[in-house]
Amino acid sequence: MLSRLSVLSANALKSSSPLGAGLVQASRSLQTSSQSLAPVPPLPEMGSKVRHGIFPEELFQLLYPKTGVTGPYMLGAGLITYLLSKELYVINHETLIALSVGSVIVFAVKKYGPSVAAFADKLNEDKVAKAQEVKDGAIASLTQAIEDEKKEQWRVDGRSMLFDAKRNNVAMILETNYRERLHMVTNEVKRRLDYQVALQDLQRRMAQEHMVNWVEKNVVSSITPQQEKESIAKCITDLKALAKATQSKAAA
Amino acid sequence: MTLSLFDQFASPALLGIPLIAIALTFPWILLPSSTSRWLDNRLSTLQSWFLVRFTHQLLQPLNFGGHKWALVLTSLMVYIITLNLLGLLPYTFTPTTQLAMNLGLAVPLWLATVVLGLRNNPTNALGHLLPHATPTVLIPALIIIETISLFIRPLALGVRLTANLTAGHLLMQLIATAVFVLTSLMPPVAMITSVVLLLLTLLEMAVAMIQAYVFVLLLSLYLQENI
């Protein structure tokens, strides 16, 4: 029962004073049974509010209904006055040491406090950012995989068009081939027929020449020598007459 | 009973109950323990950042066998620095002003480094007794001198820490007493002396941290020689 009481009072102290937090930390290491581990109470993200660095805000809220805004300050002043006047706390050289050490601590906290806090926050934020990056990277790669899959499906849909085009291609090639062969056949047949025609022409020509030669030969052989002399004498008289006619024409 | 200046260094007791145990456990109570959370609060984050950086920097010159000493050296550093800084608060007792405590920290650790060195690498460990390239004539004398310097190391470690802290605390008490007395006699002089007190406070804070670091650094140096 007493341990529960101490834990409760330690929990009440846990708000801001480092000693209170330390006591909670220390007692937590002694609670090792699994019953005290679950459910783990969530820690607040920011420390509870304090006024003047050490006095928790809850104290001011506690005293506000009865004593208003100045209540806690009057309490503090009264306490200090009581301690000093009754010499429960004696002012000696340690007080001066306390003053100098206190002023150094206050100055250091005021000057470097925000930057140190920002640094600590940044360390945590960097951790979160790294994990977030991994998560975002995984999501991005999965989204990309989905899009690629969709593209592949679209490609598959278009495949039938591809097959039709290929089929058309093949049909055209077959048609072209058939027509070529047809041409070739026609040309060959024409060549054969041309040969026959040329052969016939040749035969006719040869027959014609042969006949002409035979006629000439017969005519030439039928000319007797008597006829030949007579024709030559006639030609000479004709020539003489022509010569006379030409001479008379020339003289005229 | 009138207090002398040295009564601040007496082991604290309340009604006969020695309070030294509580004084020695303060660092353990006040510093946050490691949590099982992924993102801690600011104090835990800063503490773990500092510990990682410090351990990395301390163990860099050591070879792999020396890394076994990481926990001892880092926790020793944090312990001494916390004790020293806490001692600067008024009405507190600094355990590290006690020679017994500092020798109790220094002698076993130094002895551990020496014994390790002699066990694992005796030639190298004994070789440290003769520096490089000494003239042959000086060898006997130098070996004796180096042996003496070897055995004085733990004393030096302990006494250095004790003397620094004790002197610092004594000075602060003296100057604070001077300011206290002068405030009623000669306030302007008291103002000047209080400025001196302020500067001394800054010095003492620095000395507290530096002496802890020097203690641990020297131990790591002795380890480096011997591991």
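Protein chains get the first letters and strands the later ones, always in sequence-line order, with residue 1 at the start of each. Since we're looking at a predicted model, the values are computed, not measured.
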Within the side chain of B:Asn84, is there an N or O that forms a donor-acceptor pair under 3.5 Å with the backbone of B:Met209?
no
For chain B, the option from A:Leu99, A:Ile91, A:Thr95, A:Ile105 that forms the most heavy-atom pairs under 4.5 Å:
A:Ile91
Where on A:Val104 is there a heavy atom nearer than 4.5 Å to chain B: the side chain, the backbone, both, or neither?
side chain
Go through the steps to decide whether A:Arg191 and A:Glu188 satisfy the test salt bridge (Lys or Arg N to Asp or Glu O under 4.0 Å), and finish with yes or no.
CA-CA 5 Å; A:Arg191 254 186 43 197; A:Glu188 283 296 307; 3.5 Å; yes
Report the relative orientation of the aromatic rings in B:Phe9 and B:His169; use parallel for angles under 30°, tilted for 30 to 60°, perpendicular for over 60°.
parallel
Part of B:Thr177 within contact of chain A (heavy atom distance under 4.5 Å):
both
For residues B:Thr35 and B:Ser44, is any side-chain donor paired with an opposing acceptor at under 3.5 Å?
no
